[in-house]
Structure formats: structure tokens, C-alpha cells
Amino acid sequence: MEDFSKLLKEKREQAGLSIDDVCEKTRLTQKHIKALEDGNMEFFRDDLSYMRFFVKSYCEAVGMNYEDIKDLLRDSIDDYTQTISISALKDHEEMEKNIAHSEKLTKVRNTQEHAHVRTSFKQNKDKKTHKRIDFSLLSFVGAAAVVALVVGISLWTLGQSDDKDSEVKKEQPIADKQETNEKKDSPTEEKEDKKTQDIEITKVGLSQYTVENVKAGDELDIEIYFGNASSAFSMSVNGEVLSDPAAKVYQWKETIKTKITAKENMKMTLYFGWFNQIQVKINGKIVNIDESIMNSDSACNLEFTMVEDKS
């Protein structure tokens, strides 16, 4: 990875861009950018299948042709994968040795335990004496228990009857006055009604939208479903990448659910490194995504501007 990583860093410096500039353009975190430039393959161990999306976004941000380094990237990934495979093979061989040794010890221990059990059983058998059970005594005890149970049930039934008779004689309490069903509207209910007011999502460009009927302080529910492919994803508000949800690669058929508090003239940007049949909802309303983007299989930014309700 070192060779193409140097090319990435050199191209960024030639373009006069800082790491923060690249982060803003790609919506990747500083850790991702530094790992790419430092040749830190271990950082992407769980995301090797999606590294080309990260590198492609980086190249677009610094004005570099991705095709020029595509082969170097593939060779670096292959070398790293081979290193992991060799390490895993050694670990597997060591594990097999440990299992074989453990099975051997277990077999010896079981043999010793079986010998001890046979010896103890033989000794107990020699000492055991057979005693005759007095069935007549058991019958007498059982009959006495049944009689006692019947007497107890009879006494309990009589007691319950007396309690019911005494309860009937008691005066019935005076019924409380019924409360009226009238309810007055409260400021809290009015506030809740305003909070649940329907928003309007209007498409104003290929990937630009406005969200209307929103006031500063309103809570927005954001839901994102990754349909046919995994994708790198990050979410930013007014240019600042959020930590919740985390900026990372999300797996296909995975769903993100999060909440944000609306601000005046707030701009929200959703970055996708690989857009394929992804669904976005705001307060339960599905965002109408252009067909050219829906099946593009490429990076995409969806931008939303909050239009405050002045009513």
C-alpha cells in the first residue's frame, strides 16, 4: 500500500489541500485519510472490500485519475490478504496442536476416573444390605394424611361462609361523584401537535432538497436503509461530520435510525460512497431520489436545507 499511498499524499500536497479539505470533500474522517496516506492496511482490515470506494473518493477530491493507481491498490490488497492468510494458517496449526494435546489429557483423565468409579461401586455393593420396607406402616401414614386434609378443607369452608355473611351485613360505601369527562386543552398538547406537524420535502435539484414546516428546536427522525450493496456513509450538519451515526462502511440491508435537532437555516448532507437502491426517510416520509442516482453505483451527496416555518 505504501507506493500508491505516497502518490495520494503527493497529489494532495500539489493541489494545496489539507487533510481537513479532503475530509470535507469526501466526507471521510481524518483517521481514514491519514490511514490511506500512511499505508496503514491494518486500519482497513474489516473494510478491504470497500477500499476502492475510499480511494476513488480521495482521487476525485484531489483531482487525481483513479485508473492510474487502481492496479497498485489491487496489488497492495492482495499482498496484505496473503499475509493475513499465512498468519491465520499458523494460528490454525497451533490451535490443532493444542486441541490434540487437550484431547489426550482428557482421555487419560477419563480412564482414571472410570477405574475409580468401578472400584467404588464394587466396595459399595459388598457393604450394601437389603432392608424390607414396611408397607403397612406407609399405608397407615397415607390414610392419616388424607383424613387430616379433609378436616382442614371443611374447617376452611366454614370460615369462608362466616366471612361472607358478615360482609353482607356491612353498609355499602357511598359512591364517589363521577368525574366529568371534559378536558381542557393544555399548552403541552398544543406544543405536541406542532411538533408532529407534517413536514414537506421538495426536490429542488438533482440531489438537493428543501425540508419545509420545520422550526428551530424541532426533532427530526432520520432513517436510512442500505438496499442492494454495502456503502461508506457519513452524515454532516452545516459542514461538521457527526459522530452519531458513525462515519464508516454499513452493510447491505442494514438500517440507520438517528435523531437530530433542527437549527435555523440548517444544511444536512448525507454522503454515500456507493449508492445502489438506498432509501432515505425523514419523519417517516420517503425522500424522492432521482433515478439516475438510485442505480448509479457511485459516490453521491444528498443535501437538505431546512426552511423554517414562520407561522
Side-chain angles (χ1 to χ4, degrees), residues 22-33 35-36 44-61 66 70 73 198-214 218-263 266-307:
V22 178
C23 289
E24 184 176 354
K25 288 176 176 290
T26 62
R27 301 302 179 187
L28 295 175
T29 65
Q30 288 188 357
K31 292 182 179 180
H32 283 78
I33 301 302
L36 287 173
F44 300 99
R45 184 184 184 116
D46 297 329
D47 298 326
L48 288 178
S49 300
Y50 312 105
M51 270 200 65
R52 64 190 181 101
F53 305 128
F54 298 140
V55 176
K56 187 175 181 180
S57 297
Y58 186 106
C59 290
E60 292 175 354
Y66 170 75
K70 183 173 66 174
L73 173 62
D198 288 340
I199 62 172
E200 294 293 335
I201 304 174
T202 305
K203 186 170 178 289
V204 296
L206 183 63
S207 60
Q208 291 80 34
Y209 303 84
T210 60
V211 182
E212 303 174 7
N213 294 339
V214 178
D218 287 350
E219 194 172 64
L220 299 177
D221 294 324
I222 311 297
E223 181 176 337
I224 300 167
Y225 172 74
F226 295 86
N228 292 345
S230 301
S231 172
F233 172 79
S234 66
M235 179 175 176
S236 61
V237 173
N238 293 339
E240 181 179 353
V241 179
L242 304 182
S243 59
D244 182 18
K248 65 174 187 177
V249 173
Y250 289 86
Q251 304 302 316
W252 71 298
K253 293 188 177 180
E254 188 171 357
T255 300
I256 295 175
K257 291 184 180 180
T258 188
K259 296 179 183 291
I260 63 171
T261 301
K263 301 177 183 178
M266 181 181 75
K267 290 187 177 181
M268 178 179 69
T269 302
L270 306 181
Y271 166 77
F272 300 91
W274 179 262
F275 205 100
N276 191 307
Q277 295 297 323
I278 291 175
Q279 185 182 81
V280 179
K281 290 183 181 180
I282 302 178
N283 281 12
K285 289 197 172 184
I286 299 176
V287 177
N288 181 21
I289 300 174
D290 195 272
E291 286 294 332
S292 62
I293 296 176
M294 182 63 73
N295 301 300
S296 62
D297 291 341
S298 61
C300 172
N301 283 325
L302 300 182
E303 299 178 354
F304 299 85
T305 301
M306 308 300 165
V307 179

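Worth saying up front: this structure is predicted, and the values here are computed from it rather than measured. In what follows, every heavy atom counts, from backbone to side chain, and hydrogens, waters and symmetry copies are set aside.
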**Prompt:** Phe226 and side-chain contact (heavy atoms from CB on, under 4.5 Å): which partner among Val249, Thr255, Ile256?
**Reply:**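 For Phe226, the side-chain contact (heavy atoms from CB on, under 4.5 Å) check succeeds only for Ile256.
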Which heavy atom of [X] sits nearest a heavy atom of [Y], and at what distance?
X	Y	result
Ser231	Gly273	OG-N, 3.3 Å
Leu73	Arg52	CD2-CA, 3.9 Å
Ile289	Tyr209	CA-OH, 3.5 Å

[X] atom [atom1]: more than 12 heavy-atom contacts under 6.0 Å:
X	atom1	value
Glu24	CD	no
Lys25	NZ	no
Lys203	NZ	yes

Do [X] and [Y] come close enough that some side-chain heavy atom pair is under 4.5 Å?
X	Y	result
Ile201	Asn288	no
Phe272	Val280	yes
Tyr58	Leu28	no
Ile260	Leu242	yes
Met51	Leu36	yes
Val307	Val214	no
Ile222	Met268	yes
Asp198	Lys285	yes

Working to the nearest 0.5 angstrom, can you tell me the gap between [X] [atom1] and [Y] [atom2]?
X	Y	atom1	atom2	result
Lys31	Cys23	NZ	SG	12.0 Å
Lys248	Thr29	NZ	OG1	12.5 Å
Asn238	Met306	CG	CE	9.5 Å
Leu270	Asn301	CG	CG	8.5 Å
Ser207	Phe275	OG	CZ	9.5 Å
Thr305	Gln208	OG1	CD	8.5 Å

**Item:** Pi-cation contact, Tyr66 with Lys70 (under 6.0 Å, within 45°)
**Value:**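 No - Lys70 does not lie over the ring of Tyr66 by the 6.0 Å and 45° rule.
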**Request:** Please identify each residue that fulfils side-chain hydrogen bond (donor to acceptor under 3.5 Å, both in side chains) with Tyr50, with sequence neighbours left out.
**Result:**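 For Tyr50 the side-chain hydrogen bond (donor to acceptor under 3.5 Å, both in side chains) partners, ignoring immediate neighbours, are Ser230, Gln251.
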**Request:** Check side-chain hydrogen bond (donor to acceptor under 3.5 Å, both in side chains) between Ser57 and all other residues, then give those that pass, not counting sequence neighbours.
**Result:** Tyr271
**Prompt:** Who passes side chain to side chain contact (heavy atoms under 4.5 Å, CB included) against Ser243, sequence neighbours left out?
**Reply:**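 Partners of Ser243 by the side chain to side chain contact (heavy atoms under 4.5 Å, CB included) criterion come out as none, since no residue qualifies.
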**Request:** Go through Met294 and Gln277 one step at a time and tell me if the side chain to side chain contact (heavy atoms under 4.5 Å, CB included) criterion holds.
**Result:** CA-CA 5 Å; Met294 182 63 73; Gln277 295 297 323; 3.6 Å; yes
**Prompt:** Step by step, would you call Leu206 with Ser292 a side chain to side chain contact (heavy atoms under 4.5 Å, CB included)?
**Reply:** CA-CA 9 Å; Leu206 183 63; Ser292 62; 3.6 Å; yes
**Request:** Carefully, step by step, assess Glu254 and Tyr225 under the rule side chain to side chain contact (heavy atoms under 4.5 Å, CB included).
**Result:** CA-CA 6 Å; Glu254 188 171 357; Tyr225 172 74; over 6 Å; no
**Asked** Are any side-chain N or O atoms of Asp221 and backbone N or O atoms of Lys259, one a donor and one an acceptor, separated by less than 3.5 Å?
**Response** no
**Prompt:** What's the verdict on side chain to side chain contact (heavy atoms under 4.5 Å, CB included) for Phe44 and His32, showing C-alpha distance, side-chain angles and the deciding distance?
**Reply:** CA-CA 9 Å; Phe44 300 99; His32 283 78; 4.0 Å; yes
**Message:** Angle between ring planes, Phe233 versus Tyr250, binned at 30° and 60°: parallel, tilted or perpendicular?
**Reply:**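 If you compare the ring of Phe233 with that of Tyr250, the planes turn out perpendicular.
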